[in-house]
Engineer: 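For reference, the structure I am asking about is given below.
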Amino acid sequence: QVRLVEFGGGSVQPGGALRLSCGTFGRTYRCMGWFRQAPGKDREGVATIDSDGSTTYADSVKGRFTVSRVDGTLYLQMDALKPEDSGMYYCAAGRKFNLFGDWRSRDEWNYWGQGIQVTVSS
């Protein structure tokens with residue numbers, strides 16, 4: 001059953017911007033997040049947002065990316081993009097909040113979108 005779907009990926013030059021969206025088919029989740037995976041690398045956490053609006057970011061994107069939620073849709077505004085930001089971006093929802101769990105671990109999340117490609121290249 002598809003619960004999450006991403007939109008808005010594409011190709012952009014370094015320094016450019018993209019906005020990703022994640023639709024939830026009307027479902028509400030307390031905590032949602034964005035992950036990304038480059039070829040040959042592990043999937044890494046990019047940002048999360050809780051139902052109270054609190055946000056957390058990976059150090060590599062702080063000051064450049066902004067996560068938000070509007071009417072249940074999750075967004076990721078990506079500015080000042082770098083080539084190292086390239087990869088498949090995944091929406092995640094249904095955080096388990098395991099004891100000693102880490103939001104940056106894929107094991108911490110129940111639901112995933114199919115992913116969308118972001119390419120930053122000149």
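Excluded from the calculations below are hydrogen atoms, water molecules and symmetry mates; all remaining heavy atoms, backbone and side chain alike, are included.
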Engineer: Going by heavy atoms in the side chains, are Y57 and R64 under 4.5 Å from each other?
Structural biologist: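 No, side chains not in contact.
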
Engineer: State plainly whether one hydrophobic cluster holds both V61 and V12, where clusters connect Ile, Leu, Val, Met, Phe, Trp and Tyr through side-chain heavy atoms under 4.5 angstrom apart.
Structural biologist: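 In one cluster: yes.
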
Engineer: Hey, what's the ring geometry for F35 with W103, parallel, tilted or perpendicular (30° and 60° as the breaks)?
Structural biologist: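 Judged by the thresholds at 30° and 60°, the geometry between F35 and W103 is perpendicular.
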
Engineer: Is there a path of hydrophobic side-chain contacts, each under 4.5 Å between heavy atoms, that joins V118 and M32?
Structural biologist: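 They do share one cluster, since a chain of ILVMFWY contacts under 4.5 Å joins V118 to M32.
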
Engineer: Could you check whether any side-chain N or O of E6 sits under 3.5 Å from a backbone N or O of C91, counting only pairs where one atom can act as donor and the other as acceptor?
Structural biologist: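 Yes; at least one donor-acceptor contact below 3.5 Å.
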
Engineer: Which atoms form the tightest heavy-atom contact between R27 and V2, and what is the distance?
Structural biologist: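 Heavy-atom minimum between the residues: NH1-O, 4.0 Å.
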
Engineer: Who pairs with S54 by side chain to side chain contact (heavy atoms under 4.5 Å, CB included), at least two apart in sequence or on another chain?
Structural biologist: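 Expected list: D50, D52.
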
Engineer: Restricting to non-hydrogen atoms, name the atom on Q114 and the atom on M88 that form the minimum distance, rounded to 0.1 Å.
Structural biologist: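 Taking Q114 first and M88 second, the nearest heavy atoms are O-CE, 4.1 Å.
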
Engineer: Restricting to non-hydrogen atoms, name the atom on R95 and the atom on G101 that form the minimum distance, rounded to 0.1 Å.
Structural biologist: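 So the two residues come closest at NH2-O, 3.9 Å.
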
Engineer: Would you say the side chain of R69 lies within less than 4.5 Å of the side chain of C22, judging by non-hydrogen atoms?
Structural biologist: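 The answer is no, as the side chains (C-beta and beyond) never meet within the 4.5 Å cut-off.
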
Engineer: Are K62 and D59 within salt-bridge range, i.e. N to O under 4.0 Å?
Structural biologist: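 Salt bridge: yes.
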
Engineer: What distance do S11 atom OG and L18 atom CG have between them, rounded to the nearest 0.5 Å?
Structural biologist: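 Separation between the atoms: 8.5 Å.
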
Engineer: S122 and P14: which non-hydrogen atoms are nearest, and at how many Å?
Structural biologist: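 Scanning both residues completely, I find the closest heavy atoms to be N-CD, 3.7 Å.
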
Engineer: Should K96 and D107 count as an ion pair when the cut-off is N to O under 4.0 Å?
Structural biologist: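 D107 and K96: not salt-bridged.
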
Engineer: For the residue pair F65 and Y89, does the interplanar ring angle fall in the parallel (under 30°), tilted (30 to 60°) or perpendicular (over 60°) class?
Structural biologist: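 Geometry flag for Y89 against F65: tilted rings.
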
Engineer: Nearest 0.5 Å, what's the CG-OG1 distance between D71 and T24?
Structural biologist: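 That separation rounds to 10.0 Å.
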
Engineer: Knowing that exactly one of T48, L20, L74, T56 qualifies, which makes a side-chain contact (heavy atoms from CB on, under 4.5 Å) with V67?
Structural biologist: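 Only one option passes, and that is L74.
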
Engineer: Within 45° of the ring axis of Y90 and under 6.0 Å from its six-membered ring centre, is that where the NZ or CZ of R43 lies?
Structural biologist: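 Yes - R43 lies over the ring of Y90, closer than 6.0 Å to its centre and within 45° of its axis.
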
Engineer: Measure across A47 and L76 and return the closest heavy-atom pair with its distance rounded to 0.1 Å.
Structural biologist: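 In this case the closest contact between A47 and L76 is CB-CD1, 4.4 Å.
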
Engineer: N110 vs R3, test: side chain to side chain contact (heavy atoms under 4.5 Å, CB included). Steps then yes/no.
Structural biologist: CA-CA 10 Å; N110 280 308; R3 288 179 174 263; over 6 Å; no

Engineer: Are there more than 12 heavy atoms of other residues, nucleotides or ligands under 6.0 Å from atom CG of D42?
Structural biologist: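 12 or below, so no.
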
Engineer: Would Y111 and I116 show up in the same hydrophobic cluster when neighbours are defined by side-chain heavy atoms closer than 4.5 Å?
Structural biologist: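 Result: yes, single cluster for both.
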
Engineer: According to a 4.5 Å side-chain heavy-atom criterion applied to Ile, Leu, Val, Met, Phe, Trp and Tyr, with indirect links allowed, do I49 and W112 form part of one hydrophobic cluster?
Structural biologist: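 Unlinked, I49 and W112 end up in two clusters.
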
Engineer: Go through the steps to decide whether E44 and R104 satisfy the test salt bridge (Lys or Arg N to Asp or Glu O under 4.0 Å), and finish with yes or no.
Structural biologist: CA-CA 6 Å; E44 63 173 352; R104 293 165 292 187; over 6 Å; no

Engineer: Under a 3.5 Å distance rule, please check whether S86 uses its side chain to pair with a backbone N or O of P83 as donor and acceptor.
Structural biologist: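 Yes; at least one donor-acceptor contact below 3.5 Å.
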
Engineer: Just so I know, are the side chains of E108 and N98 near enough to count as touching, which here means a heavy-atom distance under 4.5 Å?
Structural biologist: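 A side-chain contact exists here, since the closest heavy-atom pair is under 4.5 Å.
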
